[in-house]
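Only heavy atoms go into these numbers, but all of them, side chains included; no hydrogens, no water, no symmetry mates. Below, read A as the first sequence line, B as the second, and so on, with proteins coming before strands; counting in each chain starts at 1. Since this is a predicted model, take the numbers as computed values, not measurements.
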There are 2 protein chains.
Amino acid sequence: MTRGRPKKVGRPEGQTNLSDKLLDAAELLFAEQGYSGTALRQVADKLDVNPAMTAYYFKNKENLFREVFLRRGLVVARQRLERLAALSAEGSHTVEDLARAFLEPSAQLMGTRQGRAFLRLHARLHMEPEAFSYALRREVYDESTRAYAQAFHRLLPQATELQIFQKVSLMVGAYLYAFSDTNRLAELAKSQNATDDLLDTTVAFVVGGFLSVKG
Amino acid sequence: MTRGRPKKVGRPEGQTNLSDKLLDAAELLFAEQGYSGTALRQVADKLDVNPAMTAYYFKNKENLFREVFLRRGLVVARQRLERLAALSAEGSHTVEDLARAFLEPSAQLMGTRQGRAFLRLHARLHMEPEAFSYALRREVYDESTRAYAQAFHRLLPQATELQIFQKVSLMVGAYLYAFSDTNRLAELAKSQNATDDLLDTTVAFVVGGFLSVKG
DNA sequence: AAATTAATTAATTGCATGAATAATAAACGG
DNA sequence: CCGTTTATTATTCATGCAATTAATTAATTT
């Protein structure tokens with residue numbers, strides 16, 4: 001099974017960019033199998049590299065996960081804040097503008113294999129109350145999510161703060177599940193077209209959700 | 001640490017109902033730590049019982065998980081189908097009726113600790129593409145979810161089948177995430193009041209989502 | 001070109017885990 | 001009351017895993 005010649009020991013010639021490759025491999029495996037379900041050995045095997053390399057670049061398993069998550073999570077969080085700032089600068093905006101600004105940075109990730117892996121990873125992380133994953137989510141997303149909650153509340157002043165938070169939760173759950181949906185739809189139809197379509201449907205769903213009133 | 005007298009070997013006097021207790025303990029641990037993150041030893045330790053008891057009652061880890069999931073999952077699926085049948089029998093119904101019929105059986109689970117654990121378990125399962133969890137979800141929920149998709153489509157004939165499936169996905173993601181939300185809101189406000197309130201908000205959100213149109 | 005640093009493999013350590021088996025004791029059936 | 005079944009603990013075993021250290025070789029610095 002993929003038995004290559006015995007690897008030469010010592011530093012190889014040229015450069016390998018192994019650090020990035022390890023992040024990619026770990027991203028795929030964590031997304032598919034979860035944190036506990038993934039062995040560092042599997043990550044190394046995927047690149048036909050010695051398991052000790054994970055420790056060399058990332059110290060330990062927890063830190064590897066952390067860096068995988070931060071790599072894309074910080075980008076999404078920053079893009080969200082930038083788009084919100086842009087809307088605020090423009091003057092007036094709608095609930096749909098807000099929803100789209102929040103969702104598009106994530107929706108873009110559906111376009112690539114690694115991006116889809118990150119979406120699954122993120123969706124999975126949201127379900128894990130383990131100490132460090134909690135802290136990680138908060139570190140990356142808390143600021144931008146709070147900013148959007150405030151922005152939604154400004155457009156919907158009749159709602160209570162609790163309701164706004166509930167609706168933001170519903171929005172997050174909806175998009176995470178739909179975007180990271182590994183099954184059915186997304187698997188066969190992962191063209192850019194299908195991505196756009198799902199984004200549009202999700203924006204429409206979320207806008208309807210925010211505008212609807214109870215009772 | 002909780003060091004009791006050395007346990008007596010052999011069958012204990014009276015009956016212990018250990019099988020059910022193991023399901024409860026496993027439900028809590030699987031919900032908190034996931035499948036791979038939970039050791040059978042932890043389950044046994046929680047009841048101060050020998051680890052071999054898990055094998056005695058449930059053969060192996062996979063089967064234990066399966067039985068944990070089936071125990072409540074089948075109840076929810078059956079309740080959904082019954083409520084859908086009741087609506088159909090009554091004659092006409094609204095999108096809100098459908099949403100409520102779909103969501104209430106799950107919302108009830110928010111009222112108890114074990115129920116909340118199951119909701120987390122379920123949310124987590126939805127993210128796991130591992131072979132057996134896939135099959136399990138399908139086995140339990142496929143029939144009822146398809147029935148609701150058809151029912152929604154009958155009320156919204158202008159939508160495509162793909163859009164209906166996308167919206168059902170969004171609904172499922174939204175409620176799973178919001179109901180199993182271990183953080184913030186739900187933790188402090190888990191009174192029956194808060195449960196009803198979240199259910200109402202969720203129904204309203206979902207109704208708005210289904211009725212809204214793109215573009 | 002010598003010394004130092006960087007990047008890799010090899011080998012080992014210690015611990016946790018799932019599973020299996022044997023031993024023991026109560027309950028149950030005739 | 002005697003044999004069988006049921007429910008439990010004790011013990012063991014092989015595996016897998018994360019982490020550490022030593023050895024090795026290329027690259028970089030001086």
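- Judged by closest nucleotide on DNA chain D, A/Q42 is the one of A/A52 and A/Q42 placed further toward the 5' end.
- In this structure, the salt bridge (charged side-chain N to carboxylate O under 4.0 Å, His left out) partners of A/R71, at least two apart in sequence or on a different chain, are A/D24, A/E27.
- The residue A/A39 sits close only to the backbone: its heavy atoms come under 4.0 Å of sugar-phosphate atoms, none of a base.
- Relative to the ring axis of A/Y141, A/R138 does not place its NZ or CZ within 45° and under 6.0 Å from the centre.
- Bending across the helix from C/dA1-D/dT30 to C/dG30-D/dC1, expressed as the angle between its end axes from five pairs apiece, amounts to 10° (10° rounding).
- Relative orientation of the B/F69 and B/F65 rings is parallel, given thresholds of 30° and 60° on the angle between their planes.
- Residue contacts shown for A/T38 are limited to sugar-phosphate atoms, with no base heavy atom under 4.0 Å away.
- Checked against the 6.0 Å centroid threshold, A/F179 and A/F118 do not count as a close aromatic pair.
- Checking D/dC17, C/dT24, D/dA7 against every side-chain atom of B/V9, the shortest atom distance belongs to C/dT24.
- With B/T38 contributing its side chain and B/L29 its backbone, the two residues share a donor-acceptor pair below 3.5 Å.
- Residues from residues 10-17 of chain B that place a heavy atom under 4.0 Å from any atom of DNA chain C, listed by number: B/G10, B/R11, B/P12, B/E13, B/G14.
- Using a 4.0 Å heavy-atom distance criterion, B/Y57 is classed as a sugar-phosphate-only contact.
- Residues of residues 59-70 of chain A that place a heavy atom closer than 4.0 Å to DNA chain D, in numerical order, are A/N60, A/K61.
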Throw together a table of side-chain donor-acceptor distances under 3.5 angstrom for residues 99-110 of chain B, partners on residues two or more places apart or in other chains.
from: B/R100; atom 1: NH1; to: B/D200; atom 2: OD1; distance (Å): 3.4
from: B/R100; atom 1: NH2; to: B/D200; atom 2: OD1; distance (Å): 3.3
from: B/E104; atom 1: OE1; to: B/R83; atom 2: NH1; distance (Å): 2.4
from: B/E104; atom 1: OE1; to: B/R83; atom 2: NH2; distance (Å): 3.3
from: B/S106; atom 1: OG; to: B/R80; atom 2: NH2; distance (Å): 3.0
from: B/S106; atom 1: OG; to: B/Y175; atom 2: OH; distance (Å): 3.4

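- Shown here is A/E143, whose CD atom has no more than 12 heavy atoms of other residues, nucleotides or ligands within 6.0 Å.
- Side-chain N/O atoms of B/K7 include none lying less than 4.0 angstrom from OP1 or OP2 on C/dT24.
- Screening residues 51-66 of chain A for side chain to side chain donor-acceptor pair (under 3.5 Å), with sequence neighbours left out, gives A/R66-A/E139.
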